[in-house]
Amino acid sequence: MINDTAKILSEGFDIDQSVVEYVLKHQEIVESKFFKEIDSLKEFNQYKVIEGMQRAKLNSTHFSWTTGYGYDDVGREKVEEVYSNIFRTEDALVRPTIASGTHAINLVLSGILFPGDELVYITGAPYDTLQKVIGSKGGMKGTLMDYGVKYKELELTEGKKIDLKRIPEFVSSDTKMVALQRSTGYSDRNAFTVEELAEAMAVVKSINPDIICMVDNCYGEFMEITEPSEHGADIMAGSLIKNPGGGLALTGGYIVGTSELIEYVANRATAPGIGKECGLTFGMTRNVLQGLFLAPHIVTESLKGSLLLASIYESLGFKTVPKLGDKRSDIIQGIEFRSEERLVKFCQGIQSASPVDSYFAPIPGEMPGYESEVIMAAGAFVQGSSIELSADGPVREPFYAYYQGGLTYEHCKLGIMKSLNNLYVNNLVELD
Ligand SMILES: *Cc1c(COP(=O)(O)O)cnc(C)c1O
């Protein structure tokens, strides 16, 4: 390492020399083993995104916007066309007025499911916030179950895979929708690969091809060269302050799928009879598209960070999910810290590497929609953006930290050094 870099790490960031060396040793390992393949994933998806923009004939007039009802907002229409080109779907709904990933998925569920319809999650219990949307947990008002939607959940196998054999016990030809969550959520399983999702959706379709397959695609975008929508998902949703927003989208969610289903969802998002024709973009079209343009690059920067982190903590003897060599389908790296103190110090270390709010230390607290107290480290330019370097974890046994994001690999590396340093100087880990 050149002297100037060593100097800024120790003097500017107060990182112990042995921590720096430890991280650099692991950087060499992951670089030689994995980075070439990651770079070819990045290259393919970059071309896929540009091709989607060119095919939509994107031009600079699409960056202007309207007021009031937002009729004839050509930019908004272009964003949606570009999304459906890239995700290979008939239509899309991409809006800054979708407040979060949970909101996007709620629109899908509540737009399509009617009283008496059956929803089956076949990837085990869904993400915390969605259990409240459904009504399977939390005693919220106005849940899907309040509306008379019937709900079932198929547990994963012991090996934490989709229980393909038992799908026919849970899904019948009367089931309206089957939902699959790609990313790990606050659990201890690997993300499901596109191939695994495709296999499960094929089983569902063999029961009845009319069953709607919905994929919660949060954190999965651009992690593989194809998306679940190219392998049987009828509709998919995600957040713009995760992967596809590329760090530039200030807020928003996306939904892609068949024209018919998008119409139902748009009618829920606005009103029947209005659908996709209204809705302001608040001047965000350029950011949303430029972020999408950068997303394949940024997703792989953060993926490199996740691998570096996995390599380090595996060698320190912690359980990691996924393991270093596993095939990945989301950007999340889980580490089982086995103590609250380590979880907290790790997250505080990540925060202290942030460009924004670096001098605040996060502490565990209540979060709307979440089951237990949560600690969240995020010194982000966009509040809560988890495509920016961030780490969080519910404060419950066995104290998993979920690390994700990073707009540049260098920032990931700094976060990894700062957090390891925080554990090291507090005698919470020993470097081998
Ligand atoms: C983040 C996430 C959500 C919800 O997104 P929010 O933007 O936090 O509401 C849903 N499902 C999964 C798997 C997620 O990772």
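Both counts, for ligands and for their atoms, begin at 1 and track the order of listing.
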What pairs of residues pass the salt bridge (Lys or Arg N to Asp or Glu O under 4.0 Å) test when at least one of them lies in residues 133-142, not counting sequence neighbours?
none
Taking the ring centre of each residue, are F35 and Y409 less than 6.0 Å apart?
yes
Return yes or no for this condition: an N or O of I105 is under 3.5 Å from an N or O of ligand 1.
no
For L109, does its backbone N or O pair with a side-chain atom of R268 as donor and acceptor, under 3.5 Å?
no
Worked check of side-chain contact (heavy atoms from CB on, under 4.5 Å) between E336 and Y313:
CA-CA 9 Å; E336 191 193 271; Y313 284 90; over 6 Å; no
Taking only heavy atoms of Y219 into account, list the atoms of ligand 1 that are under 4.0 Å away from them.
15 (O)
Among all protein heavy atoms, pick the one closest to atom 4 (C) of ligand 1 and tell me residue, atom and distance.
T102 OG1, 3.3 Å
for atom 7 (O) of ligand 1, nearest protein heavy atom and its distance come out as G101 N, 2.8 Å
Are side-chain N/O atoms of S259 and E90 paired as donor and acceptor at under 3.5 Å?
yes
Option set Q404, M367, K242, criterion heavy-atom distance to atom 2 (C) of ligand 1, minimum:
K242
Just let me know how Q181 lines up against ligand 1, side chain, backbone, both or neither, with a heavy-atom cut-off below 4.0 Å.
side chain
For D216, which part has a heavy atom under 4.0 Å from ligand 1: side chain, backbone, both, or neither?
side chain
Relative to ligand 1, is C218 under 4.0 angstrom through side chain, backbone, both or neither, heavy atoms considered?
side chain
Salt bridge between K78 and E81, side-chain N to carboxylate O under 4.0 Å?
yes
